[in-house]
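See below for the structure under consideration.
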Amino acid sequence: IRSMERTFQLIAQVAGRTGRSKRGGRVLVQTASPEQPAIVKAAHHDFLGFATEELRHRAALKVPPYAHLCRIILRGPVEKEVKEYSGKVGDLLRSAAKAIDADIRILGPAPCLITRLKANFRYHIQMTAPQLESLQEVWLAAAPQCPSHPDVEFVVDVDPLNLR
């Protein structure tokens, strides 16, 4: 979600530090996407332009700060079990959202970007809604119905800083 923001920040920070000496300096960024707005705006020191464009993009996608995002990460040592269990949790969340008639978008389950971490396979489900209360209501309706699994645990992250 915030990768462009982080890209802009890093390039601007490096450029700021490079120009501090009397000799000045140059920043070279190696990228396969030199037309990316974060890179172009950082090269021109245009924070306001970057922020305006990034906020417009986030509004179109209905992600924070224009909506709330809830990420459920399921992890365990056996991939098949994690995948099956995450499917059950996803089905329960969709049923709860439909029963409540909430304005919620549910994505997944899908493997996490970092699929395996510390001997655990990881899958995630993402829920997005304009109101945080809608996400809470769906979770509170679905959670008691989730069967416990001895080898699969889950973590709920509201408005996460990253999706790794």
Side-chain angles (χ1 to χ4, degrees), residues 1-11 31-33 35-42 46-118 120-164:
I1 294 175
R2 294 180 171 97
S3 62
M4 290 297 112
E5 184 177 329
R6 183 84 172 126
T7 299
F8 181 91
Q9 177 205 4
L10 288 172
I11 294 171
T31 178
S33 305
E35 72 286 344
Q36 279 290 342
I39 295 170
V40 172
K41 299 292 184 187
D46 183 9
F47 172 76
L48 189 57
F50 169 74
T52 301
E53 193 168 325
E54 183 67 11
L55 287 171
R56 186 176 19 247
H57 180 68
R58 290 183 189 186
L61 293 177
K62 297 180 183 173
V63 295
Y66 298 100
H68 291 278
L69 176 67
C70 177
R71 181 175 184 227
I72 298 120
I73 304 167
L74 301 102
R75 59 185 177 217
V78 181
E79 183 175 19
K80 182 181 178 189
E81 291 179 6
V82 176
K83 184 177 182 179
E84 289 175 3
Y85 187 70
S86 63
K88 290 176 186 174
V89 173
D91 291 342
L92 288 170
L93 290 168
R94 284 183 179 81
S95 294
K98 189 174 183 178
I100 295 169
D101 195 27
D103 181 19
I104 293 182
R105 181 176 65 179
I106 300 175
L107 300 174
C112 292
L113 186 61
I114 300 173
T115 308
R116 192 167 183 188
L117 186 64
K118 295 183 181 177
N120 283 319
F121 290 93
R122 301 170 359 122
Y123 277 71
H124 62 163
I125 301 165
Q126 294 177 27
M127 299 190 300
T128 309
Q131 307 299 324
L132 183 59
E133 293 77 18
S134 300
L135 294 173
Q136 291 172 329
E137 193 175 351
V138 168
W139 177 252
L140 291 174
Q145 299 176 38
C146 291
S148 63
H149 193 293
D151 295 326
V152 179
E153 61 183 16
F154 58 85
V155 175
V156 178
D157 191 358
V158 178
D159 291 334
L161 291 178
N162 69 59
L163 298 177
R164 294 181 289 196

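Remember, predicted model here, so these are calculated numbers, not experimental data. Numbering of residues begins at 1 and proceeds along the displayed sequence.
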Problem set entry | Partner set under ring pair (Phe, Tyr, Trp, His ring centres under 6.0 Å) for F154, not counting sequence neighbours | W139

Seminar exercise, completed: Here the gap from R105 atom CZ to T128 atom OG1, rounded to the nearest 0.5 Å, amounts to 4.5 Å

Exercise. CD1/I100 to CD/E137 distance, rounded to the nearest 0.5 angstrom?
Worked result: 4.0 Å

For this session: Go through the steps to decide whether L55 and Y66 satisfy the test side chain to side chain contact (heavy atoms under 4.5 Å, CB included), and finish with yes or no.
Result: CA-CA 9 Å; L55 287 171; Y66 298 100; 3.5 Å; yes

Problem set entry | L92 to A142 - nearest heavy-atom pair and separation | O-CB, 3.8 Å

Problem set entry | Interatomic distance, I11 atom CD1 to T7 atom OG1 [nearest 0.5 angstrom] | 6.0 Å

Could you pull out every donor-acceptor pair under 3.5 Å between side chains of residues 72-83 and any protein atom, sequence neighbours left out?
| residue | atom | partner | partner atom | Å |
| --- | --- | --- | --- | --- |
| R75 | NE | E153 | OE2 | 2.6 |
| R75 | NH2 | E153 | OE2 | 3.1 |
| E79 | OE2 | Y123 | OH | 3.2 |

Problem set entry | D46: salt bridge (Lys or Arg N to Asp or Glu O under 4.0 Å) partners, not counting sequence neighbours | K41

Problem set entry | Where at least one partner belongs to residues 97-116, residue pairs that pass ring-ring contact (aromatic ring centres under 6.0 Å, His included), sequence neighbours excluded | none

Seminar exercise, completed: Closest heavy-atom pair, P111 versus H124, reported as atoms and distance to 0.1 Å, is O-NE2, 3.6 Å

Seminar exercise, completed: Tightest non-hydrogen contact, residues C146 and V89, listed as SG-CG2, 4.1 Å

Exercise. Can you find a heavy atom in the side chain of D103 that is under 4.5 Å from one in the side chain of S134?
Worked result: no

Exercise. Measuring from D91:CG to Q145:CD, what's the distance to the nearest 0.5 Å?
Worked result: 11.5 Å

For this session: With sequence neighbours excluded, give me every ring-ring contact (aromatic ring centres under 6.0 Å, His included) pair touching residues 88-113.
Result: none

Problem set entry | Stepwise side chain to side chain contact (heavy atoms under 4.5 Å, CB included) test for L93 and M127 | CA-CA 9 Å; L93 290 168; M127 299 190 300; 3.9 Å; yes

Seminar exercise, completed: Shortest non-hydrogen pair, L140 vs P144, comes out as O-CD, 3.1 Å

For this session: May I ask you to decide whether R58 forms a salt bridge with E54, counting only side-chain N to carboxylate O separations under 4.0 Å?
Result: yes

Exercise. Do any pairs count as a ring-ring contact (aromatic ring centres under 6.0 Å, His included) and have a residue in residues 68-109, sequence neighbours left out, and if so which ones?
Worked result: Y85-H149

Exercise. Where do L69 and V63 land on the side chain to side chain contact (heavy atoms under 4.5 Å, CB included) test, with the steps shown first?
Worked result: CA-CA 7 Å; L69 176 67; V63 295; 5.9 Å; no

Exercise. How close do S33 and I39 get, heavy atom to heavy atom, and via which atoms?
Worked result: O-CD1, 3.6 Å

